[in-house]
Amino acid sequence: MRYVPSRLEWRLMLLLSVAAAVAGCSKGFKPQDFATPEALFKASLQEFERKKWDNAQVGFERLTNDLSSRDPLLAPAYFYLALTHERKQEYLLAAQAFERVTDGFPDDTLAPTAMLGSGRSYQSIWRRPSLDPEQGQKAASVLRALLSSYPDSKEVEEAKQRIATLEEWFAQKDYETGVHYIRVRRAIDPAIIYFKDVVTTYPATKAARLSWLRLHELYTKIRWKEDAAETCTAMWKAYPGDADVRAACGVQPADTAAAPPAPRDTIALAPLPTRSPVVYARPAPVGRG
């Protein structure tokens, strides 16, 4: 007896046949269809410009796998592969691809742009200050390397701006950790260590001013009068006329106000107090991601 498909089965077979026909007619982007690396690079670049990120990624990946280390197309292939990953928000892959350019072709004209891209990609992974700053630290390291390796490149200005943003985040994270030790753990010593770290490592950040005020508050609370006085001297010099500093320390004495304040980025802060009970061990950050 011959088998007769049901109406549902007929519909399924019809849909499958239509899909197969469409697939057969639609050629799509296939790297193997291009006879030369130059043709594949050009086609992949066109896909990139059309924002066809998946097609561009396939093409550039094929080139990075097939080209020899001496081929002049290899550096730009890695560079555009990195840009493609970045457009797809695959930031770790983007950073790694950018590094293939800077590590393998440091003298290429694309190297400083790739190094900036690597730092930018690592920075994008660190989404907010409360999270683990490891990727932010990588970003800062790469961007500082850019300043030293390519000091005359056009990428330097953006690198400096990104470093400043990262330092604001580093400082904010340390400041918030110090506040956590005070409010939640009722622990003054580790809080002092974190606030000191902010004012010494990131003196030009917003969190530095807050950390100085916290240090003064803590020193006053535990009756370390000399240390509290030293924080006032430092704040008078760093933040002349600041209302919060005036509320905490009073009006700046005439003998400390004789010299005009130095520019913000060249302020020489007073030496930090060294009488804290624990100055040799930085507490571990509070578990915040």
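- Judged purely by atom type and a 3.5 angstrom limit, Lys173 uses its side chain to pair as donor or acceptor with the backbone of Ser130.
- Scanning both residues, Ala228 and Thr231, for their nearest heavy atoms gives O-OG1, 2.5 Å.
- Side-chain contact between Arg209 and Val199: absent, with no pair of heavy atoms (C-beta onward) separated by less than 4.5 Å.
- Residues Asp66 and Pro37 fail the side-chain proximity criterion, which asks for heavy atoms closer than 4.5 Å.
- Taking 4.5 Å as the limit, some side-chain heavy atom of Pro253 sits within range of a side-chain heavy atom of Trp236.
- The existence of a salt bridge linking Glu167 and Lys160 is excluded, since no basic side-chain nitrogen approaches an acidic carboxylate oxygen closer than 4.0 Å.
- Minimum interatomic distance between Pro151 and Ser148 (heavy atoms only, all atoms of both residues): CD-O, 3.7 Å.
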Please set out all donor-acceptor pairs under 3.5 angstrom arising from side-chain atoms of residues 82-95, sequence neighbours excluded.
| unit_1 | atom_1 | unit_2 | atom_2 | d |
| --- | --- | --- | --- | --- |
| Thr84 | OG1 | Tyr80 | O | 2.8 |
| His85 | ND1 | Glu90 | OE1 | 2.6 |
| Glu86 | OE1 | Arg120 | NH2 | 3.0 |
| Glu86 | OE2 | Arg120 | NE | 2.6 |
| Glu86 | OE2 | Arg120 | NH2 | 3.4 |
| Lys88 | NZ | Asp54 | OD1 | 2.8 |
| Lys88 | NZ | Gln57 | OE1 | 2.7 |

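- Side chains of Tyr175 and Arg214: a donor on one and an acceptor on the other come within 3.5 Å.
- The shortest non-hydrogen separation linking Val198 to Ala171 is CG2-O, 3.7 Å.
- Separating the CD atom in Glu217 from the CH2 atom in Trp212 is a distance of 15.0 Å, to the nearest 0.5 Å.
- Tyr194 pairs with exactly one of Asp174, Val179, Ile182 by the side chain to side chain contact (heavy atoms under 4.5 Å, CB included) rule, that one being Asp174.
- Considering only heavy atoms from C-beta on, Tyr219 comes within 4.5 Å of Ile192 through its side chain.
- Heavy-atom contacts from other residues, nucleotides or ligands closer than 6.0 Å to CZ of Arg162 number more than 12.
- The OG1 atom of Thr165 lies 8.5 Å from the CH2 atom of Trp169; values are rounded to the nearest 0.5 Å.
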With a cut-off of 3.5 Å and sequence neighbours excluded, list every side-chain donor-acceptor pair involving residues 102-109.
| unit_1 | atom_1 | unit_2 | atom_2 | d |
| --- | --- | --- | --- | --- |
| Thr102 | OG1 | Glu99 | O | 3.2 |
| Asp108 | OD1 | Leu110 | N | 2.8 |

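- We find the CG-CD distance between Leu143 and Glu155 to be 11.5 Å, quoted to the nearest 0.5 Å.
- Minimum heavy-atom separation, Phe41 to Leu63: CA-CD1, 3.6 Å.
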Checklist entry - Where do Gln172 and Glu176 land on the side-chain contact (heavy atoms from CB on, under 4.5 Å) test, with the steps shown first? => result CA-CA 6 Å; Gln172 182 180 340; Glu176 290 175 352; 3.0 Å; yes

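- The side-chain heavy atoms of Arg62 and Gln32, taken from C-beta on, include a pair separated by under 4.5 Å.
- In this structure, CG on Leu74 lies 10.0 Å from CG on Asn65, to the nearest 0.5 angstrom.
- In terms of modelled atom types and a separation under 3.5 Å, the side chain of Trp126 and the main chain of Leu131 share a donor-acceptor contact.
- Both Leu40 and Phe48 belong to a common hydrophobic cluster when Ile, Leu, Val, Met, Phe, Trp and Tyr are linked at side-chain heavy-atom distances under 4.5 angstrom.
- Counting heavy atoms from C-beta on, the side chains of Ile163 and Leu147 come closer than 4.5 Å.
- Of all heavy-atom pairs between Ser124 and Arg127, the closest is O-CG, 4.0 Å.
- A distance-only check finds no donor-acceptor pair linking the side chain of Ser141 to the backbone of Gln137 [under 3.5 Å].
- When side chains are defined from C-beta on, His216 counts as touching Met235, because their heavy atoms get closer than 4.5 Å.
- Linking Ile, Leu, Val, Met, Phe, Trp and Tyr whenever their side-chain heavy atoms come within less than 4.5 Å puts Trp53 and Leu45 in one cluster.
- The distance from atom OG1 of Thr113 to atom CZ of Phe98, rounded to the nearest 0.5 Å, is 9.0 Å.
- Remark: the backbone N or O of Glu61 is paired with a side-chain donor or acceptor of Thr64 at under 3.5 angstrom.
- Every residue was checked against the ring pair (Phe, Tyr, Trp, His ring centres under 6.0 Å) condition with Tyr150, not counting sequence neighbours, and none meets it.
- Checked against a 6.0 Å centroid threshold, the rings of Phe34 and Phe29 count as neighbours.
- Atom OG1 in Thr205 sits 11.5 Å away from atom CZ in Phe170 (nearest 0.5 Å).
- With Ser149 contributing its side chain and Leu146 its backbone, the two residues share no donor-acceptor pair below 3.5 Å.
- Minimum heavy-atom separation, Asp242 to Asp244: OD2-N, 2.9 Å.
- In this structure, Gln135 contributes its side chain and Gln123 its backbone to no donor-acceptor pair below 3.5 Å.
- Not one N or O on the side chain of Ser118 forms a donor-acceptor pair closer than 3.5 Å with the backbone of Ala114.
- Here the side chains of Asp227 and Ile222 are not in contact, with every heavy-atom distance at 4.5 Å or above.
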